[in-house]
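Structure first, then comments.
To find a chain, count down the sequence lines: A is the first, B the second, and so on, and within it residues start at 1. No experiment lies behind these values; they were computed from the predicted model shown.
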There are 2 protein chains.
Amino acid sequence: MRYADTILEIIASSHSHMTAEQIFFALKQQYPSVVLATVYNNLNALYAQEKIRKISVAGYPDRYDKNTRHDHLVCRRCGALLDIHLSDLTRELERQTGFAIEGYDLKIRCLCPQCRAKEQAANQAYESPDL
Amino acid sequence: MRYADTILEIIASSHSHMTAEQIFFALKQQYPSVVLATVYNNLNALYAQEKIRKISVAGYPDRYDKNTRHDHLVCRRCGALLDIHLSDLTRELERQTGFAIEGYDLKIRCLCPQCRAKEQAANQAYESPDL
DNA sequence: ATTGGAATTAGAATAATTCTAAATTTGGTG
DNA sequence: CACCAAATTTAGAATTATTCTAATTCCAAT
């Protein structure tokens, strides 16, 4: 996996949550001949090694993130992901479920600040339309 | 949405977590002329009305579930979903994040009993292979 | 240099889902 | 009841994301 380290760096240094395609374009800056399938190969391998996380939200392509313990806010409206750091639930979940837990994935549905502003504007318009 | 109620019943009475295609085949029993796109239309509408939940796990098609408060165990190996009922985290998440939370989605990664048995068998075989 | 295995490439294939336009159904109104 | 408008369904094409396959290239060890 010649590109694995570069891909890891791209993901680690990104403040957004990149799709395979975005990672592909970033990698292309350095290696113009690289191909999308290679990115998928590498991402799948890195994911299998638990070096990265994969975030699936219905309606959006999978996004990739560093594998540090944190959780995500997902904007209901635009799909944006925001990292948040909550207390670790593993112990409590093991206690409540009785299962050996390998990890968990907590996505909190809310509105990101931008979309909240837009929805409020839309509601205002509805309540007092400019006719 | 002529089929919405029937689809709701199919989902409500299912003990598995059905894909759009499985729901489509179940609906076809009663309405043989129905078409997959209609199922998607209805599922999307029901989801928008928050009458059902949609569960996305990377590598598997979306699955649908009743919209009662519960969480899921996801088998790392076969993708099976199991319902579990944990204490509600909403208040605590709002406290920790300061966001107005509309809901959350907690998926716990583990091995389902069947896959745990298979992995143990595989490990046994590896440690003491029958040569 | 030669070989073998792994990774990459190119591009076809697949799977899931959405889109579009036409046809049908439904509900309300004269 | 007959008609119209709006909403829904249908059929099938289109799109998107991802995986697969086979050929090629790369690299390390002989």
**Request:** Compute the bend angle of the helix from C/dA1-D/dT30 to C/dG30-D/dC1 from the end axes (five pairs per end), rounded to 10°.
**Result:**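 The helix from C/dA1-D/dT30 to C/dG30-D/dC1 shows an end-to-end axis angle of 10°.
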**Message:** Check whether B/Tyr47 forms a cation-pi arrangement with B/Lys54 (NZ or CZ under 6.0 Å from the six-membered ring centre, at most 45° off the ring normal).
**Reply:**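 Yes.
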**Where protein sits on nucleotides 8-20 of chain C, one letter per nucleotide: B base, S sugar-phosphate only, - none, heavy atoms under 4.0 Å** = SBSB----SBBB-
**Message:** If the condition is salt bridge (charged side-chain N to carboxylate O under 4.0 Å, His left out), which residues does B/Arg95 pass it with, not counting sequence neighbours?
**Reply:**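 Per chain and number, B/Arg95 pairs via salt bridge (charged side-chain N to carboxylate O under 4.0 Å, His left out) with B/Glu92.
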**Request:** For B/Lys107, enumerate each residue passing the salt bridge (charged side-chain N to carboxylate O under 4.0 Å, His left out) test, keeping only those at least two apart in sequence or located in another chain.
**Result:**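 Partners of B/Lys107 by the salt bridge (charged side-chain N to carboxylate O under 4.0 Å, His left out) criterion, ordered by chain and then number, come out as B/Asp105.
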Please set out all donor-acceptor pairs under 3.5 angstrom arising from side-chain atoms of residues 76-83 of chain B, sequence neighbours excluded.
| unit_1 | atom_1 | unit_2 | atom_2 | d |
| --- | --- | --- | --- | --- |
| B/Arg76 | NH1 | A/Glu102 | OE1 | 2.8 |
| B/Arg76 | NH1 | A/Glu102 | OE2 | 2.5 |
| B/Arg76 | NH2 | B/Glu119 | OE1 | 2.9 |
| B/Arg76 | NH2 | B/Glu119 | OE2 | 2.3 |
| B/Asp83 | OD1 | B/His17 | NE2 | 2.7 |
| B/Asp83 | OD1 | B/His70 | NE2 | 3.1 |
| B/Asp83 | OD1 | B/His72 | NE2 | 3.0 |

**Prompt:** Can you name the residues that form a ring pair (Phe, Tyr, Trp, His ring centres under 6.0 Å) with B/Tyr3, not counting sequence neighbours?
**Reply:**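 Partners of B/Tyr3 under the ring pair (Phe, Tyr, Trp, His ring centres under 6.0 Å) test: B/Tyr31.
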**Message:** Any donor-acceptor pair under 3.5 Å linking the side-chain atoms of B/Thr6 with those of B/Gln30?
**Reply:**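 Distance-only check fails for B/Gln30 and B/Thr6.
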**Request:** May I have the distance from A/Phe25 (atom CZ) to D/dA17 (atom P), rounded to whole angstrom?
**Result:**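 To the nearest whole Å, that distance equals 11 Å.
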**Item:** Taking every non-hydrogen atom, the tightest pair across B/Cys110 and A/Phe99
**Value:**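 That would be SG-CD2, 3.8 Å.
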**Prompt:** Any donor and acceptor pair, going by atom type alone, linking the side chain of A/Arg53 with main-chain N or O of A/Thr68 inside 3.5 Å?
**Reply:**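 Yes, A/Arg53 side chain to A/Thr68 backbone: donor-acceptor pair under 3.5 Å.
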